[in-house]
Amino acid sequence: MSRPPLPPFTRASAIEKVRLAEDGWNSRDAAKVSLAYTPDTVWRNRAEFPRGRAEVEAFLTRKWNRELEYRLIKELWAFTDNRIAVRYA
């Protein structure tokens, strides 16, 4: 399943990709957000290490049930043809 916009990135498509990711996180839909990661993903969040989409989904569900005012802000920091770097706030 592809998630356009895809590389190679222009400034406009990189900004669009960052905005779509920000909107996804701010939807607080843990099932949808977890699909953006590979089935064998490994995260680190402080002392927790969720592995795989199911654990990521459970982690995000717990996080967003506690953090009722949670909102992610992402800004494009830099990009090349096939990579994007973001700044989180």
Side-chain angles (χ1 to χ4, degrees):
M1 177 166 78
S2 67
R3 294 177 168 267
L6 301 171
F9 295 110
T10 64
R11 179 167 178 73
S13 66
I15 289 171
E16 180 183 4
K17 187 80 165 183
V18 170
R19 180 64 47 173
L20 289 168
E22 178 185 75
D23 291 347
W25 272 80
N26 289 331
S27 74
R28 298 169 63 104
D29 183 340
K32 179 180 171 186
V33 171
S34 70
L35 292 176
Y37 298 90
T38 60
D40 61 347
T41 193
V42 178
W43 283 16
R44 177 184 178 274
N45 185 283
R46 296 178 181 88
E48 278 190 75
F49 296 88
R51 294 178 178 273
R53 287 182 180 152
E55 287 186 22
V56 165
E57 183 177 344
F59 168 82
L60 291 174
T61 299
R62 285 191 316 277
K63 173 184 178 62
W64 291 333
N65 283 335
R66 284 189 317 265
E67 299 175 12
L68 300 177
E69 299 298 320
Y70 179 88
R71 181 169 176 260
L72 178 68
I73 299 172
K74 288 176 119 179
E75 283 183 7
L76 180 66
W77 184 59
F79 74 96
T80 62
D81 287 345
N82 64 348
R83 294 185 185 264
I84 294 175
V86 296
R87 181 183 79 84
Y88 294 91

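Only a predicted model underlies this, so the values are computations on that prediction, with no experimental measurement involved. The analysis underlying the following values was restricted to heavy atoms, covering all of them including side chains, and did not include hydrogens, waters or symmetry mates. Nothing fancy with the numbering, it's 1 onward along the sequence.
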Minimal non-hydrogen separation, P8 against S13, with atom names: O-OG, 4.4 Å

Distance col, row T41:OG1 vs R53:CZ, nearest 0.5 angstrom, shows 9.0 Å

Sub-3.5 Å donor-acceptor pair from the side chain of N26 to the main-chain atoms of R71, do we have one? no

Stepwise, does the side-chain contact (heavy atoms from CB on, under 4.5 Å) test hold for L60 with W43? CA-CA 11 Å; L60 291 174; W43 283 16; 3.9 Å; yes

Hey, what do you get for CG (L76) to CD (E22), rounding to the nearest 0.5 Å? 12.0 Å

SB check E16 R19 (cutoff 4.0 Å): no

Kindly indicate whether the side chain of L20, heavy atoms from C-beta on, has any atom under 4.5 Å from the side chain of P5. yes

Evaluate whether atom CZ of R66 has more than 12 neighbouring non-hydrogen atoms of other residues, nucleotides or ligands under 6.0 angstrom away. yes

Output, in order, the C-alpha distance, side-chain angles, deciding distance and verdict of side-chain contact (heavy atoms from CB on, under 4.5 Å) for F9 and T80. CA-CA 7 Å; F9 295 110; T80 62; over 6 Å; no

Does CH2 in W77 sit with more than 12 non-hydrogen atoms of other residues, nucleotides or ligands closer than 6.0 Å? no

May I have the step-by-step check of side-chain contact (heavy atoms from CB on, under 4.5 Å) for Y88 and I73, ending in yes or no? CA-CA 6 Å; Y88 294 91; I73 299 172; over 6 Å; no

In the single-linkage hydrophobic clustering (I, L, V, M, F, W, Y; side-chain heavy atoms under 4.5 Å), do L72 and V86 co-cluster? yes

Tell me whether the count of non-hydrogen atoms from other residues, nucleotides or ligands lying under 6.0 Å of CZ in R51 goes above 12. no

Are I15 and F79 grouped together when hydrophobic residues (ILVMFWY) are joined by side-chain heavy atoms under 4.5 angstrom apart? yes

R3 backbone acceptor or donor facing K17 side chain under 3.5 Å: yes

How many angstroms lie between NZ in K74 and CD1 in I84, if you round to the nearest 0.5 Å? 8.5 Å

Would you check if V56 and S34 make a side-chain contact, meaning some heavy-atom pair closer than 4.5 Å? yes

State plainly whether the residues K32 and E57 are in salt-bridge range, i.e. N to O under 4.0 Å. no

Quick one: does R28's side chain have a donor or acceptor within less than 3.5 Å of a partner on W64's backbone? yes

Side-chain ion pair, K63 and E67, N-O less than 4.0 Å: yes

Calculate, to the nearest 0.5 Å, the distance between atoms CG and CG belonging to N82 and L6 respectively. 11.5 Å

